[in-house]
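Have a look at the structure below before the remarks.
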Amino acid sequence: MNKEFNSEQNGRSMVEMLGVLAIIGVLSVGGIAGYSKAMAKYRTNKTIDQVSMLITNIRTLYANQNNYAGLDNNALLTFELVSQDMISTTTGSSGTATTSLINPFGGAITVSTTATSPNDFTVTYANIDKQACISIVTADWGASASGGLTKLTIGTKAHTWGGAAGAGFPIDLATAATECDPGTSGTGVSIAWTYR
């Protein structure tokens, strides 16, 4: 009764399995990094598109009016000037629903005009991260004040057409990088466009 045992292995060795896992890990890290960059670019482009759409819709709606009196977030919702992806509705503990406008970075969108300057309106996007802020504020928002943009505010720094060096248009990359830095707060910076 001689039994022969088959000593050949029918599997993968530990070294081969570790090699496969290492390759999968490297590909996963690269995929996640690529996805993060793609999402950041998507949010940046979405923000630019939203602001352009809002400004066009507001100016079209108020084209036959003497000024922008009464323009606020409620007016945007009432006249359906915003897309559904900009609307956030939350229900409080009392059961009342609160509707607000949010941007692609999760920050608030505010549209306003003032009694002292009813011929202008301002669109503000809060909580924009540094890299997106740089791309957004250095985008082409018009070649002159005749396009309607009178002021672009980054955080607390205002830029106007014909403004002094470092305070006018177009905004250069070095200025944008400095002003778009949220500092230690880490919550992002606000950008406000004022149009006439």
Side-chain angles (χ1 to χ4, degrees), residues 38-90 97-163 167-173 175-176 179-180 188-196:
M39 285 306 298
K41 185 160 182 64
Y42 168 78
R43 286 192 295 268
T44 300
N45 290 338
K46 184 78 170 169
T47 298
I48 292 170
D49 291 345
Q50 281 182 358
V51 171
S52 298
M53 181 257 323
L54 267 176
I55 290 162
T56 301
N57 288 348
I58 291 167
R59 293 179 87 189
T60 301
L61 179 67
Y62 284 84
N64 294 324
Q65 303 298 312
N66 292 332
N67 56 43
Y68 296 102
L71 178 62
D72 59 11
N73 284 20
N74 289 331
L76 293 180
L77 293 166
T78 300
F79 296 114
E80 298 179 357
L81 300 180
V82 294
S83 59
Q84 288 298 317
D85 62 341
M86 297 168 71
I87 300 172
S88 174
T89 304
T90 55
T98 304
T99 302
S100 58
L101 300 178
I102 57 166
N103 65 54
F105 293 91
I109 299 171
T110 308
V111 175
S112 62
T113 188
T114 63
T116 57
S117 186
N119 293 326
D120 297 339
F121 69 91
T122 301
V123 176
T124 305
Y125 271 51
N127 199 32
I128 307 296
D129 70 41
K130 182 177 180 175
Q131 291 304 317
C133 175
I134 293 168
S135 296
I136 292 166
V137 301
T138 57
D140 182 12
W141 292 104
S144 68
S146 64
L149 180 66
T150 59
K151 181 169 59 171
L152 179 63
T153 306
I154 308 166
T156 58
K157 181 70 173 172
H159 296 267
T160 58
W161 286 109
F169 292 117
I171 299 170
D172 62 74
L173 288 172
T175 301
E179 294 177 9
C180 287
V189 68
S190 66
I191 305 170
W193 295 261
T194 301
Y195 274 80
R196 176 155 294 165

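We number each residue from 1, following the sequence as shown. Predicted model only: the values in this text are computed from it and were never measured.
Among all heavy-atom pairs drawn from Ala126 and Asn103, the shortest one is O-ND2, 2.8 Å. Closest heavy-atom contact between Gln50 and Pro104: OE1-CD, 3.3 Å. Across all their heavy atoms, Val137 and Ala176 have their closest contact at CG2-CB, 3.7 Å. Contact between Gly70 and Ala75 at its shortest, heavy atoms only, is O-CB, 3.9 Å. Heavy-atom minimum distance, Gly148 versus Arg59: CA-NH2, 3.8 Å. The two atoms that bring Thr113 and Ala69 nearest to each other are CG2-CA, 4.2 Å, heavy atoms only.
For the pair Thr114 and Asp120, the minimum side-chain heavy-atom distance is 4.5 Å or more.
Asn73 places a side-chain N or O within donor-acceptor distance of the main-chain N or O of Val111, the cut-off being under 3.5 Å. Judged by distance alone, the side chain of Thr194 and the main-chain N or O of Thr150 form no donor-acceptor pair under 3.5 Å. Remark: the backbone N or O of Ile171 is not paired with any side-chain donor or acceptor of Thr175 at under 3.5 angstrom. Of the possible donor and acceptor atoms, none in the side chain of Ser112 sits under 3.5 Å from a partner among the backbone N and O of Asp72.
Summarising the geometry, atom OG1 belonging to Thr60 is positioned 9.0 Å from atom CG belonging to Leu81; distances are rounded to the nearest 0.5 Å. The SG atom of Cys180 sits 9.5 Å away from atom CD1 of Ile128, with the distance rounded to the nearest 0.5 Å. With rounding to the nearest 0.5 Å, the separation of OH in Tyr62 from CG in Leu71 is 4.5 Å. Remark: Asn66 CG to Asn119 CG distance equals 8.5 Å, nearest 0.5 Å. Remark: Phe79 CZ to Leu61 CG distance equals 5.5 Å, nearest 0.5 Å. Atom CD of Gln131 and atom OG1 of Thr44 lie 9.0 Å apart (nearest 0.5 Å).
Salt-bridge formation is not detected for the pair Arg43/Asp129: no Lys NZ or Arg NE/NH1/NH2 atom is positioned less than 4.0 Å from an Asp or Glu carboxylate oxygen.
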Practice task
Let me see the working for Ile58 and Leu76 under side-chain contact (heavy atoms from CB on, under 4.5 Å), right down to the final yes or no.
Solution key: CA-CA 8 Å; Ile58 291 167; Leu76 293 180; 3.8 Å; yes

Practice task
Decide yes or no on side-chain contact (heavy atoms from CB on, under 4.5 Å) for Tyr68 and Arg196, but give the supporting numbers first.
Solution key: CA-CA 9 Å; Tyr68 296 102; Arg196 176 155 294 165; 5.9 Å; no

Practice task
Apply the test side-chain contact (heavy atoms from CB on, under 4.5 Å) to residues Ile191 and Val123: give CA-CA distance (whole Å), side-chain angles for both, the deciding distance (0.1 Å), then the verdict.
Solution key: CA-CA 8 Å; Ile191 305 170; Val123 176; over 6 Å; no

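Paired with Glu179 under the rule side chain to side chain donor-acceptor pair (under 3.5 Å), one option of Lys130, His159, Lys157 passes, and it is His159. None of Ile109, Ile87, Asn57 except one satisfies the side chain to side chain contact (heavy atoms under 4.5 Å, CB included) rule with Val82; the exception is Ile87. Residue Met86 is tested with Ile102, Leu54, Leu77 for a side chain to side chain contact (heavy atoms under 4.5 Å, CB included); the sole match is Leu54.
Trp193 and Tyr125 have perpendicular rings, their planes meeting at more than 60° on a 0 to 90° scale where under 30° would count as parallel.
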